[in-house]
Each structure stands twice: as structure tokens, then as C-alpha cells.
2 protein chains.
Amino acid sequence: MTKPLGERIRSQFEARILSGELAPGERLPTEAELMQQFGCSRMTVSKALSALADAGLIERRKRAGSFVSRPRVHSMVLDIPDLAEEVAARGQTHRYRLIRRDVSEAGIAHFGPAGGQVLALDGLHLADNVPFAFEQRLVDIAAVPDIADVDFGHLAPGSWLLRHVPWDEAETRIAAEGASGSIADWLDVEPGTATLVVERRTWRGSDSITFVRQHFRADQYDLVARFGQRSASRAPA
Amino acid sequence: MTKPLGERIRSQFEARILSGELAPGERLPTEAELMQQFGCSRMTVSKALSALADAGLIERRKRAGSFVSRPRVHSMVLDIPDLAEEVAARGQTHRYRLIRRDVSEAGIAHFGPAGGQVLALDGLHLADNVPFAFEQRLVDIAAVPDIADVDFGHLAPGSWLLRHVPWDEAETRIAAEGASGSIADWLDVEPGTATLVVERRTWRGSDSITFVRQHFRADQYDLVARFGQRSASRAPA
DNA sequence: TAGTGGTCTAGACCACATG
DNA sequence: ATGTGGTCTAGACCACTAC
């Protein structure tokens with residue numbers, strides 16, 4: 001019933017830091033002192049403090065000790081859901097309509113390795129047959145050879161990619177933009193209407209996987225990002 | 001020079017999973033087998049696998065073993081920078097101009113504890129004296145009593161809060177919206193012009209800290225979110 | 001019920017940065 | 001020089017759950 005000791009140590013310090021009882025810059029007891037206080041081995045204390053360090057709540061410095069972090073560069077976890085799943089979760093019917101598919105040399109739009117081939121896929125996402133997102137996507141065929149055989153007539157490329165291609169790095173740009181003429185046509189809104197623009201590029205190792213630019217109808221879609229404390233530190237790939 | 005053994009175990013499996021050599025659903029060796037393969041103790045193996053599980057790359061199930069995760073609910077880390085710092089980092093001058101400050105009873109806008117007092121702060125962010133964001137903010141005075149004494153005439157409340165109030169939970173909504181009349185006036189754009197709207201609410205434990213709604217001029221600002229793999233799992237507060 | 005991961009111990013050696 | 005964290009060992013007991 002009672003939580004593991006290491007977890008109790010971790011959560012106790014978490015609470016004391018978040019409450020302000022332990023101020024930023026303040027020094028925590030050493031591992032040796034905590035062993036005595038909690039009557040446990042050093043490994044247990046070490047794991048608890050390491051977890052706090054991974055969460056960004058403390059910083060650990062050799063020969064100096066462990067210190068409460070200054071309030072950090074705040075970051076949040078932004079869920080990037082599969083549009084098809086998200087629409088379905090709302091109880092609506094998702095449909096993807098392919099508008100254009102062609103293969104071209106890389107280099108255009110600064111995407112893909114020199115000399116490689118790039119698959120371009122333009123399409124429209126509809127919820128209950130109402131268009132809500134216009135999507136332009138590029139995929140590096142060399143990085144994802146299987147994609148050449150997939151029929152995207154009604155399957156959204158993003159849905160397929162999320163299920164088949166693991167990635168380890170991504171960058172997303174989020175902006176607002178008035179709909180230009182052709183995009184306004186596809187989204188069935190007046191030109192100049194506000195749209196939410198999401199551009200995302202993903203990599204696996206040093207290979208670009210895909211670049212996508214999505215225009216969302218402002219009245220049909222918004223993004224929600226939840227929760228914070230920074231992500232765990234990771235070693236370089 | 002050589003990396004710690006546990007880290008080598010971790011990164012080896014990370015690479016094999018990301019490359020696809022280990023497919024989703026595939027079972028990893030048991031801890032006992034890995035002890036033999038790497039000639040190390042069980043703790044070392046366990047820590048490496050736990051790190052992979054924290055990163056979401058594998059799932060560990062008692063009595064069954066460790067398995068490569070299905071490509072996950074994809075999430076990214078969205079940096080929510082201090083606007084003042086961000087503008088300064090671009091080499092521009094940031095200025096905040098307070099428009100309205102008053103204290104009211106909670107309950108309005110579904111913010112704050114019943115009966116408590118809420119500080120409302122409206123203001124304008126300017127970069128090189130050009131307005132780029134109109135901000136409406138509510139702060140729970142009971143949760144942040146110090147704020148009553150701060151002069152926000154030119155100091156952005158977000159900057160102060162980020163430096164003084166730790167939080168452990170937040171939710172952000174991002175949308176596009178045509179500027180309404182008064183907001184268009186403050187941002188010095190035509191009504192109906194696309195703006196990026198960011199709404200964020202933060203908590204410490206069960207206390208609401210602040211709710212903020214920011215309208216950004218689309219031509220002056222966009223958000224950038226970087227990198228992925230989900231954040232470390234955390235215990236409830 | 002037996003195999004698996006979850007946690008913990010009581011040591012140990014080492015690297016490192018600070019005093 | 002020395003105290004600190006980083007890592008590792010070779011065990012151990014337990015909880016859980018799939019078989």
C-alpha cells in the first residue's frame with residue numbers, strides 16, 4: 001500500500017520545492033545525509049535525486065551538492081495527434097481527400113538530400129464532410145521507401161507515417177495566417193479568413209522524414225498542449 | 001572516455017528501435033539475459049531499460065517482459081518562453097504597457113476559488129515600439145499574494161510570474177482568430193486580420209495560478225516547438 | 001505457480017570540480 | 001586535497017500477472 005521509499009523521498013522534495021519551502025538556489029542535503037535521515041542506502045537516495053534532476057527541479061554538481069533549480073525555461077508537452085484519430089474521438093467522421101501526388105527531385109523547398117526523390121502529397125482533411133484542414137506534405141522517399149506503394153487516395157499520409165515511421169526529432173512552427181485564394185477555396189471560407197498554420201518537420205537521426213504544412217480552419221480546430229516540467233534529458237543519438 | 005555501460009545499453013536499444021531493427025511489439029531480452037550478454041549486474045540493465053521506458057520507447061510488463069512500444073501518442077516539447085526574453089534575444093527592445101489593472105471577486109471566467117480575489121491585468125507587448133501581442137491575464141491573489149505589491153506599469157506579468165512562481169501543471173490552447181475591433185485597435189491592424197491566440201492556464205498542485213489569453217499579430221510572431229519523445233512519467237502531486 | 005520486473009541493500013571505485 | 005555525485009556490483013525480497 002505505501003509507496004516505495006525512493007518515490008516518497010522524491011515526492012517529498014518535489015512538494016517542498018513547488019511550495020516554495022525550498023527556494024531556488026537552496027542546497028539540498030548530501031546523499032550521505034539523506035541516507036541517515038531516511039535510513040536507506042545510497043542507491044535509493046541517488047535514484048530519487050536523479051529523478052528530480054531529470055524533471056529539472058534540481059541541479060546536481062559534483063563536489064558542490066544538489067541545488068533547487070531556478071525556475072526554468074518553461075516548456076510544455078504539446079500533443080501532436082493523428083488528425084484522423086482526433087476527429088474520430090470527437091465522434092465525427094474523418095475523411096482525407098488526396099488532391100495531388102507527384103514525385104520530384106529533392107532540393108525544392110530545401111527538403112530532402114541532394115539528388116534524392118521527394119514525394120509530394122497535397123490533400124484535404126474533412127470532418128463530417130466539412131473541410132477543416134488543407135495539407136501540403138513532402139516525404140523523403142529514400143528515408144521511407146515503403147511509402148511509394150501506399151495508396152493515399154483516402155488514407156491520410158500523417159496517419160500512415162505516425163504508425164509506420166519512428167522519429168526522434170521534430171520541429172513545429174505554429175502561426176496564424178489569412179487564407180490565400182486557393183487555400184480559401186479548399187477550406188470553403190472567404191479569402192483572408194484567419195487560419196491556424198502548423199508546419200512540422202521530423203527527422204530520424206540525421207535523415208529528414210517529412211515536412212508538412214497544414215492550414216486549419218480557425219472555426220473548426222485548435223491545438224491543446226498539456227502539462228509541463230521539462231522533458232527528460234536524453235543522450236545524443 | 002568510453003560512456004558508462006548502462007548508457008551504452010540504453011543507446012544501443014534506442015538506436016535499434018529507431019532504426020526499425022526492433023519492430024513495435026517485439027520482445028526484448030529479459031533482464032537476466034541482458035546481464036549475461038553485457039556481463040553486468042541486474043541494476044545496470046534495469047536502469048537502462050527503465051530509462052527507455054521513461055522515454056516511451058519500450059513498455060515493461062511484469063511476468064511478460066519488455067516490448068518495443070507502438071509508435072506513441074506523439075508529443076513534442078513546446079517552449080513557452082518569456083516574451084520579454086524572446087524579443088530581447090532577437091535583438092529588439094521589449095516593452096510592456098499596462099492597460100488595465102483591477103481586483104475583482106473570483107468566479108468570473110470560471111477562474112479562481114470561490115470567494116477569493118482575482119487580479120486582472122490587461123496589457124500590450126511591444127517589440128521596438130511596435131505592438132505584437134495584446135494580453136489579458138487573471139492571477140489568483142490567494143495563490144500568489146506577493147503579486148499585490150508588484151508594479152506592472154512596465155514589467156510584463158508573465159516575466160515576473162515565470163521567475164517567482166513555480167508551477168507543476170499547465171494547459172495551453174492555441175488557435176487562430178480574426179482580430180475583433182478593440183483588439184485590432186491595440187495591435188494596430190485592420191479588424192478581421194488573422195491573429196494567433198494563445199490561452200494558458202497554470203496550476204501549482206490544485207491551485208490555479210494564472211490564466212492568460214494573448215493575441216499575437218500574425219505578421220510579428222509565431223511559436224516554435226522543438227523535439228519529441230514524450231516526457232518522463234511523473235507521479236501525481 | 002513460476003517467471004518477470006520493482007525495489008532495495010551495503011558495500012565499492014572513480015571522475016570531477018571546488019576550496 | 002577532498003568531498004561530492006556517477007556508476008557499478010552481487011546479492012535479496014517482493015508484487016504482480018500471464019500461463
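All values below come from the heavy atoms of this structure, side chains included, with hydrogens, waters and symmetry mates left out.
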(request) On DNA chain C, check which nucleotide each of B/Leu49 and A/Gly39 is closest to and give me the residue with the more 5' one. (result)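 Mapping each residue to its closest nucleotide by heavy atoms, the 5'-most match is B/Leu49.
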
Rounded to whole angstroms, how far apart are [atom1] on [X] and [atom2] on [N]?
{"X": "A/Arg61", "N": "D/dT2", "atom1": "CZ", "atom2": "P", "value": "22 Å"}
{"X": "A/Glu31", "N": "D/dG6", "atom1": "CD", "atom2": "P", "value": "7 Å"}
{"X": "A/Ile9", "N": "C/dT9", "atom1": "CD1", "atom2": "C1'", "value": "13 Å"}
{"X": "B/Phe67", "N": "D/dT17", "atom1": "CZ", "atom2": "P", "value": "14 Å"}
{"X": "A/Arg63", "N": "D/dG6", "atom1": "CZ", "atom2": "P", "value": "15 Å"}
{"X": "A/Asp54", "N": "D/dG6", "atom1": "CG", "atom2": "C1'", "value": "13 Å"}
{"X": "B/Met35", "N": "C/dG5", "atom1": "CE", "atom2": "P", "value": "12 Å"}
{"X": "B/Ile58", "N": "C/dT4", "atom1": "CD1", "atom2": "P", "value": "15 Å"}

Does [N] have its OP1 or OP2 closer than 4.0 Å to a side-chain nitrogen or oxygen of [X]?
{"X": "A/Ser66", "N": "D/dG5", "value": "yes"}
{"X": "B/Thr44", "N": "D/dT7", "value": "no"}
{"X": "A/Ser50", "N": "D/dG5", "value": "no"}
{"X": "B/Arg27", "N": "C/dT4", "value": "yes"}

(message) On the six-membered ring of B/Phe67, is B/Arg61 placed so that its NZ or CZ lies under 6.0 angstrom from the centre and within 45° of the ring axis?
(response)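 So B/Arg61 does make the cation-pi contact.
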
(request) Evaluate the side-chain proximity of A/Arg173 to A/Arg213: yes if any heavy-atom separation is below 4.5 Å, no if none is. (result)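 Side-chain contact under 4.5 Å: yes.
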
(request) Could you tell me whether the side chain of B/Leu49 reaches within less than 4.5 Å of the side chain of B/Ile58, counting heavy atoms only? (result)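 Yes - at least one pair of side-chain heavy atoms lies under 4.5 Å apart.
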
For residues 15-24 of chain A, which side-chain N or O atoms pair as donor and acceptor with protein atoms under 3.5 Å away, sequence neighbours left out?
from	atom 1	to	atom 2	distance (Å)
A/Arg16	NE	A/Glu21	OE2	3.0
A/Arg16	NH2	A/Glu21	OE2	3.4
A/Ser19	OG	A/Ala15	O	3.2
A/Ser19	OG	A/Arg16	O	3.2
A/Ser19	OG	A/Glu21	N	3.2

(request) For the pair B/Asp82 and B/Arg163, find out whether any cationic side-chain nitrogen is under 4.0 Å from an anionic carboxylate oxygen. (result)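 Looking at B/Arg163 together with B/Asp82, the answer is yes, because their closest N to O distance falls below 4.0 Å.
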
Atom pairs, N/O to N/O, protein against nucleotides 10-13 of chain D, distance under 3.5 Å?
from	atom 1	to	atom 2	distance (Å)
D/dA12	N6	B/Arg42	NH1	3.0

Could you give the side-chain donor-acceptor pairs of residues 141-152 of chain A under 3.5 Å, partners two or more places apart or in another chain?
from	atom 1	to	atom 2	distance (Å)
A/Asp151	OD1	A/Gly153	N	2.8

(request) Could you tell me whether B/Leu5 contacts a base, only the sugar-phosphate backbone, or nothing, with contacts defined as non-hydrogen atoms closer than 4.0 Å? (result)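 Sugar-phosphate only.
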
(request) Start with the C-alpha gap between B/Glu31 and B/Arg42, add the side-chain angles, then the distance that decides, and say whether salt bridge (charged side-chain N to carboxylate O under 4.0 Å, His left out) holds. (result) CA-CA 6 Å; B/Glu31 295 190 350; B/Arg42 191 177 152 220; 2.5 Å; yes

